[in-house]
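Report on the structure given below.
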Amino acid sequence: MTASELQDMLVAALARRCGGTQRRWRLALGPVRALSIDTHPHCNWAVRPEGSAYEIAEIEALLDRVRLTHPIVDTP
């Protein structure tokens with residue numbers, strides 16, 4: 001899975017679970033950054049969510065669950 005595919009999956013899950021538009025959740029989530037597997041062997045991606053306290057809490061809760069099943073993304 002690539003970082004952009006992971007971002008699409010996260011945005012769709014947030015819109016489905018919480019309502020609102022995918023555009024709004026994409027803005028709140030921000031880009032998924034792929035990190036080096038050498039320095040981040042357990043989870044090589046990160047995001048910096050922005051938005052309301054509710055949006056950030058929902059994003060963080062989803063990220064905790066998704067990191068268990070998708071800890072590694074393909075790096076360029």
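No hydrogens, no waters, no symmetry mates; every other heavy atom, side chains included, goes into these values.
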Check Ala28 against Glu55 and note the closest heavy-atom contact, atom names and distance.
CB-OE1, 4.2 Å
Of the non-hydrogen atoms in Ala15 and Gly20, which two are nearest, and what is the gap between them?
CB-O, 4.0 Å
I'd like to check Pro49 versus Glu60 (side-chain heavy atoms, cut-off strictly below 4.5 Å). Are they in contact?
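Side-chain contact under 4.5 Å: yes.
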Apply side-chain contact (heavy atoms from CB on, under 4.5 Å) to [X] and list each qualifying residue two or more places apart in sequence or on a separate chain.
{"X": "Ser36", "result": "Asp38, Thr39"}
{"X": "Thr69", "result": "none"}
{"X": "Ala61", "result": "Arg65"}

What residues form a side chain to side chain donor-acceptor pair (under 3.5 Å) with Arg17, not counting sequence neighbours?
Glu58
Could I get the full list of side chain to side chain donor-acceptor pair (under 3.5 Å) partners for Arg33, not counting sequence neighbours?
none
Using a 4.5 Å side-chain heavy-atom cut-off and chaining through intermediate ILVMFWY residues, the residues clustered with Met9 come out as Met1, Leu6, Leu10, Val11, Leu14, Trp25, Leu29, Val32, Trp45, Val47, Tyr54, Ile59, Leu62, Leu63, Val66, Val73
Taking ILVMFWY side chains as joined if any heavy atoms are under 4.5 angstrom apart, and letting links pass through other members, which residues group with Leu27?
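Result for Leu27 is none, singleton.
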What's the separation between atom CD1 in Ile37 and atom CD1 in Ile72, rounded to the nearest 0.5 Å?
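Going from the CD1 atom of Ile37 to the CD1 atom of Ile72 covers 3.5 Å.
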Applying salt bridge (Lys or Arg N to Asp or Glu O under 4.0 Å) as the test, list every pair that has at least one member in residues 1-14; sequence neighbours left out.
Asp8-Arg26
